[in-house]
Each structure stands twice: as structure tokens, then as C-alpha cells.
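All remarks here apply to the structure that follows.
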Amino acid sequence: DGEVVPHSDTFSEQFHGVFGWKLNDQHTVKLYGNTMDKEYGIPNATGVRTDILMDQKRYGVVLHSESIGKIKNVITEYQYSDYTHFEREDGSYDGLFDQQQQSLSTEFDFKLAESTDAHFRLEWVGNELQVCHEHGRCREFEIAERSSSEDGFSVLDQYNRRGIAFSHGHPMPDTEEQKVLMALNVKHYLGETDELSLATNIVIRKLSADPVNMQETWLMHPSVDADYYDDSTDVATSFSLGWWRSWSEDFETQASLAYMERLPSSQELFWNGFHHATESYILGNRDLDKETSVNLDVDAIYKHTDDFTSRVSLYYYDFENYIFQSPMVDDTGTPIRDPFHTSPVWQIQGVGAKIYGFGIEEKYKRTFGLHALTFTAQLNLLKGELDRGGYIPRMSPYNATFCLEHDHMGLHSEITYKWVDKSRNEANNETSTDGYNMLNFSANYHYDTSYGSLEFWLKANNLTDDVARNHISFLKETA
């Protein structure tokens, strides 16, 4: 209605730095680091300010070798990252999320035969996740006190009264993941017109949960789930076949058929509690199986002239087990709300589903002296259906984008118009959204000096001040 949405402000600042040196003709070392601080409001129906304070740090070192014996382009990297965010309501620190991750990886190229190239990657990842939810007491993590109270008594009471094991304590235990990832990609060239590819990916994960942070009465009661906190070791295996072909100088196609497996995240398995950033109660599923699908992708590119190209993309993904969040309702179809915050309850589940759609892109380039213009038009249509009937919630509506870019020496500017259709293929009990139009403008200028470079930028979004509700957002009812 032309009014400012309360508590929708955003402020962020970032830093990125890289330091590298060349040891010799074959080996290069780089050190890098970046930080980001961000504060943004969460629009809600209470009228009280809810906001998120984010802090992210990432540091790493990379050793790049042009060749070591018969293997080429060897990249070895160590990375450490720490992501933290506080959830506040009316200035009270009610939530805290911290994820620390370390990884060590190496990858390289090698030849299997004269017309066959291969790429191999091996990576170890260690991940520690902690979550706090306690009104006014989440400035730091604490170990919960223990007494003679029965473990899980309050959760069992909720389960017996409501049929759902609601919890008002910390939403999940401290978790630790140890993962090993191995990937091999092989490409075989059939002359200059055809390329066949085979890729495999294996993930082995050990997941451990320690409820030392959780208040004893809000632990999962053994009579509800006896092995809820047990360690688990799981394996996910994926592979794909691809075919690229150049039919002429002007026309090429690419197709791939893949079988994909994804292990559910620790949040999808263990989260059982309020989530400030989405103003909802998330009910995880400890018994989730891995997500599995068979995916088909087809792309075609036609080059009308050197300046004019067309691209069509088609995809069809058939999920035996698709993991997603869905709003819970009772037998009468009334949305279920949690008993502590009266927030909507979203349940994480895995079911059979299909996602399919297509996209079209037209791109036209022209140069006038030192000025270069690029016009791009895109259309995207997407649909997600459940095998049991109905649609997948929070799927992107049909949309089209038109973008005009201008480049002149160090100046780049673009104006973008985006049309988003109203929501059509809505899940049961899902809130609908109206269509909208969005007009954005941005410009940046890059200037090199003898001491480095400077970059200036300007952005202006929603120049027509249209009301735009993001259908894939959990907050579409309030923002």
C-alpha cells in the first residue's frame, strides 16, 4: 500500500583479502581471508522488532602446482570458516547459531588415454554445529544443568497431549560431522564434435549428536524415540552420464542423465523448535532417509550470428525421496501452531515428487566504438508435484527477466525489469501471492591505480515501488 514494511532494513559490511606469491615456475601459494558482518530485520505480525546479527569469517591457504609428474593442475586447499548469528526480539538475545567448519582437499587432472581426460577430487570436512534458544540467555553457549528431573518429561507430556513432541528448549543438540568426499569426472572426446562424460561422487559421513546443551526436561524422551541421539554412519553415491555434441558451427546440444543421492543435514534430522529467522516452528525428522532422484537435463544453443544467440533448457527430476518442509494441519485442515509462540509448524518430510520445467534465453550484443551493449531476455517455467497428489510448497512462480547492460571502459551499468506471475501451483494450506513487476538499476566503476584498484557502485531496487511478496519465502505473509 505504499508504506514501508516495518523491520525490513538491512546493513552489511564485508572485507576480502588475498596474498600470494610464486615459488617457482610450477608452484604458487595463496593465503586468503574474508569477513562479513550483517544485520537485518525480520518483518513479523507482532509489531516488536525482531532482527538477526550475522558474523562470518573464512580463512584459507591454497597450493597450486602446474604439474607433478603425470598429474596436472594440482590444487590443495585448507579452509577454516566460522559462521555465527544471533536472533533478537525487542533487544533480547533469544537465539544463537554457530557453525565451525574445517576442510582439507586436493584435486588434479590427468590423462587416461590420448582422447580421454580425468579429474579427481578428495576432500575431508569437519563440521561442528551449536544452536541456542532461550529467551534472553543466548549471548553465548552454555552446558545445561542437570538435576533429578526425568529426562524428556516435558517433551513426553506434549507428545501425550498433542500427538507431537513439541519442545521449548534448545531446538537441537550439539552435532559433529566428519565427512569424506571422493569425486571422479572422466571426459572422452570423439573428434571435434562429440564429448562423452562420466562422473561419480561418493560421500561418507559420521554424524554424532551430544545433547549436553539441552535442558533435561526438553530432551527427546526414550519412549518417543529410543535411538534419537545415537551416532550414525551413512553413505551417499551419485553418478551421471553426459553427452555434448556440436552439430554445426551454429548449433550445439548437451544432455545429462544422473542418479543423485543427498544425505539429510543435521538440521533436517534434529531441529525441533522455534526458528526466529522464519518466524515458524520447525519439526525435524530423525528417521529421514537420504534424498534420491533421477535427473534429466537437456540444453540447446543456437548461434544466429556472432552477436545473437538463443538457448533452451529442459529438465525433469524424479525423486523417490524428496526432502522438504510442509505446513502441518490437523484432520479438519486447520493449520497447526506450536503451543509456545503460536507460530505455524513446518514439518520436514521425505516423499516421492517430481520437479520439471524449462527456460529460454535470448542474448543480443552490439558494439558502438568503446561502448558495448548486451540485451538478455529470459523466461523460466517451473512446477513441482508430489506423487501422492498436490504440489510442492514454496516453488518459484513463472517469471521473465529483461536486462540491458552497458559497458564503457571501466564503467558497467545495467537496468533490469522482472515480471513474476502470481502463485499458481500451490500446496495444500499454502499462502498464495500476487504477481508483481520489479525494476532495478545498478552501476559500478572500476579504476586501476599504481597501488591497486578502486571500485565504486550504486544500486537502486524496485524503482516503481511495487508490492512484491517472495513466494518461496517463509515470511511471504508479512513481507
Side-chain angles (χ1 to χ4, degrees), residues 36 38-40 42 44 50-57 81-89 92-102 125-146 151-152 154-155 158 164-179 205-221 224-225 228-232 263-286 288 323 325 338-341 343-348 474-475:
M36 180 182 70
K38 185 175 182 179
E39 177 180 348
Y40 62 94
I42 304 295
N44 61 87
T50 298
D51 55 17
I52 304 294
L53 305 181
M54 288 175 47
D55 176 70
Q56 180 173 291
K57 301 178 178 66
S81 65
D82 187 0
Y83 171 84
T84 303
H85 80 239
F86 294 92
E87 301 170 347
R88 301 190 308 180
E89 186 172 350
S92 174
Y93 285 75
D94 297 342
L96 173 59
F97 178 101
D98 182 75
Q99 184 174 34
Q100 298 184 39
Q101 189 173 92
Q102 298 184 74
V125 178
N127 185 72
E128 295 181 2
L129 176 63
Q130 292 179 284
V131 179
C132 171
H133 175 71
E134 190 170 0
H135 298 288
R137 295 189 58 181
C138 285
R139 289 181 176 270
E140 59 184 8
F141 294 105
E142 299 177 353
I143 295 177
E145 298 180 357
R146 293 290 186 258
D151 288 353
S154 298
V155 170
Q158 290 291 327
I164 299 175
F166 283 117
S167 173
H168 194 228
H170 301 311
M172 63 179 289
D174 295 344
T175 59
E176 180 179 351
E177 291 181 312
Q178 300 287 335
K179 291 194 293 188
R205 179 186 71 182
K206 180 181 179 182
L207 176 61
S208 302
D210 185 356
V212 65
N213 64 313
M214 303 186 68
Q215 302 93 327
E216 55 194 339
T217 62
W218 295 113
L219 294 170
M220 183 59 66
H221 197 279
V224 178
D225 192 333
Y228 190 82
Y229 299 112
D230 288 356
D231 293 354
S232 60
L263 298 176
S265 68
S266 57
Q267 295 99 311
E268 291 171 329
L269 293 168
F270 288 107
W271 194 285
N272 182 26
F274 187 67
H275 192 265
H276 278 272
T278 59
E279 287 289 318
S280 61
Y281 188 101
I282 307 298
L283 186 63
N285 186 346
R286 186 63 179 93
L288 277 178
I323 299 175
Q325 295 184 26
D338 82 88
F340 313 110
H341 303 86
S343 299
V345 178
W346 288 73
Q347 181 184 27
I348 298 176
F474 287 98
L475 302 173

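Just so you know, residue 1 is the first one in the sequence shown, and it goes up from there.
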Check: Which atoms form the tightest heavy-atom contact between Leu219 and Pro211, and what is the distance?
Finding: CD2-CB, 3.5 Å

Notebook entry, point to check: Sequence neighbours excluded, which residues qualify as salt bridge (charged side-chain N to carboxylate O under 4.0 Å, His left out) partners of Glu176?
Noted result: none

Check: Between Gln158 and Phe340, is any pair of side-chain heavy atoms under 4.5 Å apart?
Finding: yes

Notebook entry, point to check: Which value, rounded to the nearest 0.5 Å, describes the distance between Glu268 atom CD and Leu263 atom CG?
Noted result: 10.5 Å

Next item on the list: Of all the heavy-atom pairs spanning Asp174 and Val131, show the shortest one and how long it is.
Entry: OD1-N, 4.4 Å

Notebook entry, point to check: Which distance, rounded to the nearest 0.5 Å, do you find between the CD of Glu134 and the CG of Leu96?
Noted result: 11.5 Å

Item checked: Contact check, side chains of Leu269 and Asn285, non-hydrogen atoms, under 4.5 Å -> no

Notebook entry, point to check: What is the distance from atom CD of Gln267 to atom CE of Met172, rounded to the nearest 0.5 Å?
Noted result: 5.5 Å

Item checked: Nearest heavy atoms of Gln99 and Leu129, plus distance in Å -> CB-CD1, 4.0 Å

Next item on the list: Side-chain contact test, heavy atoms from C-beta onward, threshold under 4.5 Å: evaluate it for Met220 versus Arg286 and give yes or no.
Entry: no

Note to self: Looking at every heavy atom in both Glu39 and Leu53, which two are closest together, and how far apart are they?
What the structure shows: CG-CD2, 3.3 Å

Check: Among all residues two or more places apart in sequence or in another chain, which pass the side-chain hydrogen bond (donor to acceptor under 3.5 Å, both in side chains) test with Gln325?
Finding: none

Margin query: Run the salt bridge (charged side-chain N to carboxylate O under 4.0 Å, His left out) test against Glu177 and tell me which residues pass, sequence neighbours left out.
Written below: Arg205

Note to self: I'd like to check the side-chain hydrogen bond (donor to acceptor under 3.5 Å, both in side chains) partners of Ser280; sequence neighbours left out, ordered by chain and number.
What the structure shows: Thr278

Margin query: Can you tell me how far apart CD1 (Ile282) and CD1 (Ile348) are? Round to the nearest 0.5 Å.
Written below: 6.5 Å

Checklist line | Distance-minimising heavy-atom pair for Thr175 and Ser266 | finding: OG1-OG, 3.7 Å

Check: Looking at residues at least two apart in the chain, or sitting in another chain, which of them share a side-chain hydrogen bond (donor to acceptor under 3.5 Å, both in side chains) with Gln56?
Finding: none

Notebook entry, point to check: Which atom pair, heavy atoms only, marks the closest approach of Met214 to Arg146?
Noted result: O-NH1, 2.7 Å

Next item on the list: Starting at OG of Ser92, measure out to CZ of Arg139 and round the result to the nearest 0.5 Å.
Entry: 8.5 Å

Next item on the list: Measure the shortest side-chain to side-chain distance between Phe270 and Leu207 over non-hydrogen atoms and say whether it is less than 4.5 angstrom.
Entry: yes

Item checked: Sequence-distant partners of Glu128, salt bridge (charged side-chain N to carboxylate O under 4.0 Å, His left out), two or more places apart -> none

Check: In Å, rounded to the nearest 0.5 Å, how long is the span from OG of Ser154 to CH2 of Trp218?
Finding: 4.5 Å

Notebook entry, point to check: What do the steps show when you test Tyr83 against Asp55 for side chain to side chain donor-acceptor pair (under 3.5 Å), and what is the final call?
Noted result: CA-CA 6 Å; Tyr83 171 84; Asp55 176 70; over 6 Å; no

Notebook entry, point to check: Arg88 pairs by side chain to side chain donor-acceptor pair (under 3.5 Å) with which of Thr50, Asp51, Asp94?
Noted result: Asp51

Next item on the list: Any chance you could lay out the side chain to side chain contact (heavy atoms under 4.5 Å, CB included) test for Leu283 and Asn272, step after step, and finish with the verdict?
Entry: CA-CA 5 Å; Leu283 186 63; Asn272 182 26; 3.1 Å; yes

Check: Would His275 and His133 satisfy ring-ring contact (aromatic ring centres under 6.0 Å, His included), going step by step from the backbone distance to the final call?
Finding: CA-CA 9 Å; His275 192 265; His133 175 71; over 10 Å; no

Margin query: Exactly one of Gln178, Gln101, Gln102, Lys179 should register a side chain to side chain donor-acceptor pair (under 3.5 Å) with Asn127. Which one does?
Written below: Gln101

Next item on the list: Taking the side chain as every heavy atom from C-beta outward, state whether Thr84 and Phe86 have any pair of such atoms under 4.5 Å apart.
Entry: yes

Notebook entry, point to check: Quick one: are Val345 and Ile164 in side-chain contact, heavy atoms under 4.5 Å?
Noted result: no

Margin query: Are Ser167 and Tyr281 packed together at the side-chain level, in the sense that at least one heavy-atom pair is separated by less than 4.5 angstrom?
Written below: yes

Check: Do His168 and Phe166 make the cut of ring centroids closer than 6.0 angstrom?
Finding: no

